[in-house]
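Step one of this worksheet: look at the structure below.
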Amino acid sequence: MNIFADFHARIATILGRFAAAGRLPQDLDLSRFVVEPPREAALGDLAVNAAMVFAKEAKASFGSPRVFAAELAIALADDPDVAQAEVAGPGFINIRLKPHIFPAVLRAALAAGAKFGASPQGRGGRAQKINVEYVSANPTGPMHVGHGRGAVFGDALASLLEFAGHEVTREYYINDAGAQVDALARSAHMRYREALGENIGAIPEGLYPGDYLAPVGRALAAKFGRGLLDRPESEWLELVRVATIEAMMDMIRADLAALNITHEVFFSERSLTRGEGGDRVAQAIDYLREKDLVYVGRLPPPKGQLPDDWEDRDQTLFRSTQFGDDVDRPLLKSDGGYTYFASDIAYHKVKIDGGFDTLIDVWGADHGGYVKRMDAAVKALSAGKVALDVKLCQLVKLMRAGEPVKMSKRSGDFVTLREVVDEVGVDAVRFMMLFRKNDAPLEFDLAKVIDQSKDNAVFYVQYAHARARSVLRQALAAFPGLDISAAALAAASLDLLVDEGELSLVKMLAQFPRVVESAGFAHEPHRIAFYLHELASLFHAQWNRGKDAHDLRFVNENKRDLTCARLALILCLSTVLATGLGVLGVSAPDEMR
RNA sequence: GGCCCCGUAGCUCAGCCGGAUAGAGCAACUGCCUUCUAAGCAGUAGGUCACAGGUUCGAAUCCUGUCGGGGUCGCCA
């Protein structure tokens with residue numbers, strides 16, 4: 001039950017009646033107006049901006065927005081669930097609902113249980129098939145904290161979209177085709193020689209010095225013995241590369257698993273040209289060529305400072321400027337190989353051919369300059385039918401008690417994601433990374449996130465859940481044998497919930513479906529985290545009121561009916577907290593002693 | 001120099017497909033522990049929403065420009 005969506009539909013019906021009577025155009029875009037909580041709770045339960053949004057269309061028949069709003073308000077007053085509908089400000093309609101609606105919301109929520117808030121169809125009435133590609137870290141070493149942010153963000157976004165009613169595929173693109181993985185293989189080969197007793201000295205510039213490759217070297221030694229020692233690189237490179245990438249991906253998968261992240265699809269860049277589908281990059285380029293979107297030409301040099309090695313020459317280019325990019329983009333390197341962009345075009349074509357309505361790519365902010373060309377490519381490949389949304393995740397600044405943690409990348413000595421997860425736990429890492437908009441920089445304080453205080457948002461929200469579960473336990477102690485199942489509590493006299501604090505909790509719970517819907521629509525999981533924090537705050541506040549006013553305590557030994565009504569609220573609250581935390585991939589503990 | 005992101009309270013940040021008097025947490029100040037967990041709560045104070053124009057009945061939100069911070073800039077991934 002989503003009272004906001006519900007009333008949006010009811011108001012749309014009224015507008016339809018006006019349209020039928022010729023007082024409004026027939027083709028109004030009804031998605032333009034919103035039903036939302038009023039800015040201040042004192043104004044009512046719902047606020048509608050329809051009269052202002054459609055002011056232009058209504059001008060001929062109604063005159064000013066306020067007059068239009070007044071007519072709408074009169075129509076709304078006939079609704080059996082509306083206690084009062086009044087016009088305010090420039091043309092808002094503030095609706096106060098009859099008291100019986102709130103018990104109804106609670107009952108619906110209790111009946112829905114963990115499904116409360118899940119919209120069966122997604123916004124706009126249509127479930128989509130959505131591909132979320134995230135992490136996609138190069139398989140050249142362990143993940144660092146920055147990768148972790150994209151990983152957690154992408155994973156939570158995928159869960160959110162699933163919960164909002166969409167069909168979601170979680171995908172990881174393995175960049176296993178470039179020169180970097182050759183360098184990786186050479187580095188592993190040195191470790192292999194080292195494992196066989198050779199003194200390899202310092203790892204040369206350009207190779208990967210991290211000692212995480214030492215075990216890979218030992219594994220190679222175990223597998224190949226001395227067989228790779230006296231052969232030219234051309235003979236061992238492929239073997240070593242395959243084994244090393246496999247080892248790196250195992251390590252990355254393990255790091256992700258430590259964050260409770262699993263992907264359904266791991267897509268190898270290499271497979272685009274060497275897989276069963278033939279050279280799919282060539283096919284994608286041909287596809288664009290048929291549409292006359294590929295040509296050979298010269299690119300203007302970048303303005304400002306010229307690169308040292310700039311050489312004006314013909315290139316094979318994709319006409320990305322036709323789709324909003326700033327310059328056309330090269331598809332072939334000077335050595336004839338495909339550019340990374342060409343591979344990425346082919347990869348996105350594979351995803352488009354997979355029948356997705358929406359593609360979401362989660363990238364680091366340093367790839368921001370790449371968005372326009374990818375967007376252009378997806379437009380060209382799908383004839384504008386598939387939406388691409390690139391979500392850029394900003395940097396993570398790792399702190400400890402207010403002091404920056406040094407993250408030297410020299411000699412491969414940097415703080416890995418795994419170290420952070422092991423130190424502070426999955427819940428803290430996930431929640432804190434989601435308690436910030438993805439495109440805002442994030443300060444992650446290792447000391448603060450394990451602090452058990454309200455400064456720590458993870459703890460604050462989890463504690464609210466534990467506290468709610470504690471109330472249910474207390475109730476059982478006070479009323480032995482009490483049935484605290486959702487079904488039993490839904491049958492309680494919920495109209496006994498009249499305290500202002502209780503009602504504001506109910507109203508906040510009623511907003512959950514709306515928050516899920518809008519967060520899913522905007523691809524912004526952080527909205528769930530902020531909502532949960534706000535919900536927890538209302539609960540802690542109400543709890544504390546019971547300190548002075550004992551009759552406000554949730555469990556009252558002398559008033560069984562009232563207690564049951566309040567337990568219904570508590571159960572619903574704990575369910576929403578658990579559901580919301582679940583969407584974020586954060587646990588909801590029953591106690592936190 | 002081109003392009004992208006950001007600029008909101010002392011600090012960290014929400015709010016942004018236009019909507020009512022711009023919110024929260026921290027820090028500051030004032031209160032509240034014989035407790036259903038004080039691991040908390042209530043209250044006070046704190047703002048030229050970087051700046052200047054524009055569109056609009058209405059702009060923190062949209063557009064243009066300026067300033068400041070970050071990123072990025074033909075063959076890397």
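Reminder, nothing fancy here: chain letters follow the sequence lines and each chain counts from 1.
Residues in residues 329-344 of chain A take part in these salt bridge (Lys or Arg N to Asp or Glu O under 4.0 Å) pairs, two or more places apart or across chains: A:Asp325-A:Arg329.
Consecutive Watson-Crick or G-U pairing (both distances under 3.5 Å) extending over three or more pairs maps onto RNA chain B as B:1-7 with B:67-73, B:10-13 with B:23-26, B:28-32 with B:40-44, B:50-54 with B:62-66.
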Table please: side-chain donor-acceptor pairs of residues 520-528 of chain A below 3.5 Å, with sequence neighbours left out.
unit_1, atom_1, unit_2, atom_2, d
A:His523, ND1, A:Asp389, OD2, 2.7
A:Glu524, OE1, A:Arg527, NE, 2.8
A:Glu524, OE1, A:Arg527, NH2, 2.9

Donor-acceptor pairs under 3.5 angstrom involving side-chain atoms of residues 175-184 of chain A: please list them, not counting sequence neighbours.
unit_1, atom_1, unit_2, atom_2, d
A:Asn175, ND2, A:Tyr340, OH, 3.1
A:Asp176, OD1, A:Ser268, OG, 3.4
A:Asp176, OD1, A:Glu269, N, 3.1
A:Asp176, OD1, A:Arg270, N, 2.7
A:Asp176, OD2, A:Ser268, OG, 2.6
A:Gln180, OE1, A:Asn138, ND2, 3.2
A:Asp182, OD1, A:Arg241, NH1, 2.6

I'd like a list of close polar pairs between nucleotides 55-64 of chain B and the protein, N/O only, cut-off under 3.5 Å.
none

Next on the checklist: Output one letter per nucleotide in nucleotides 2-12 of chain B: B when a protein non-hydrogen atom lies under 4.0 Å from the base, S when only the sugar-phosphate is that close, - when neither is.
Outcome noted: -SSSS-----S
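For the salt bridge (charged side-chain N to carboxylate O under 4.0 Å, His left out) test, residues two or more places apart in sequence or in another chain that qualify with A:Arg186 are A:Glu233. Residues satisfying the salt bridge (charged side-chain N to carboxylate O under 4.0 Å, His left out) criterion with A:Glu557, sequence neighbours excluded, are absent altogether. Looking at residues two or more places apart in sequence or on another chain, you find a side chain to side chain contact (heavy atoms under 4.5 Å, CB included) between A:Tyr295 and A:Leu317, A:Arg319, A:Asp328. Legend: residues meeting side chain to side chain contact (heavy atoms under 4.5 Å, CB included) with A:Ala466, ordered by chain and number and at least two apart, are A:Met592. With sequence neighbours excluded, the residues satisfying ring pair (Phe, Tyr, Trp, His ring centres under 6.0 Å) with A:Phe459 are A:Tyr463. A:Tyr531 is linked by a ring pair (Phe, Tyr, Trp, His ring centres under 6.0 Å) to A:Phe512, counting only residues two or more places apart in sequence or in another chain.
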